[in-house]
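Here the structure comes first, spelled out in structure tokens, and everything after it is commentary.
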Amino acid sequence: MGKDEKELLERSMADLQSERDELLKHRAASELDLEFPDEIDTPLETPARERFARYRGLKNFRNATWDPYESLPLDMGKVFSFSNFALTKKRAIGSAKNN
């Protein structure tokens with residue numbers, strides 16, 4: 001084996017090792033994202049209070065007024081309200097039994 005071939009082999013081995021390290025880092029990050037899907041990393045240079053100021057929060061969840069149709073798609077808005085839940089439940093169970 002010549003000197004050039006050894007250098008090429010060493011570089012390719014180093015490239016493979018770095019790719020393997022990157023893959024392991026990516027897998028670890030993916031597993032962490034699956035474990036905590038709703039967490040977001042906040043930037044260090046700006047406070048989280050400023051970064052997320054546009055998102056509305058409730059001061060008191062129990063006493064807050066809430067519009068149930070506020071952010072719902074039209075189809076979900078129809079599903080949300082029932083004039084008579086017991087009757088709707090009875091009809092749905094009856095039609096499920098017939099089918």
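Computed from a predicted model, the values in this text were never measured in an experiment.
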The salt bridge (Lys or Arg N to Asp or Glu O under 4.0 Å) partners of R27 (sequence neighbours excluded) come to none
For D21, the side-chain hydrogen bond (donor to acceptor under 3.5 Å, both in side chains) test, sequence neighbours excluded, returns Q17
One should read off an interatomic distance between N84 CG and K90 NZ, to the nearest 0.5 angstrom, of 10.5 Å
In sequence, state the C-alpha distance, the side-chain angles, and the governing distance for L16 and R20, and then conclude on side-chain contact (heavy atoms from CB on, under 4.5 Å). CA-CA 6 Å; L16 287 174; R20 182 176 178 268; over 6 Å; no
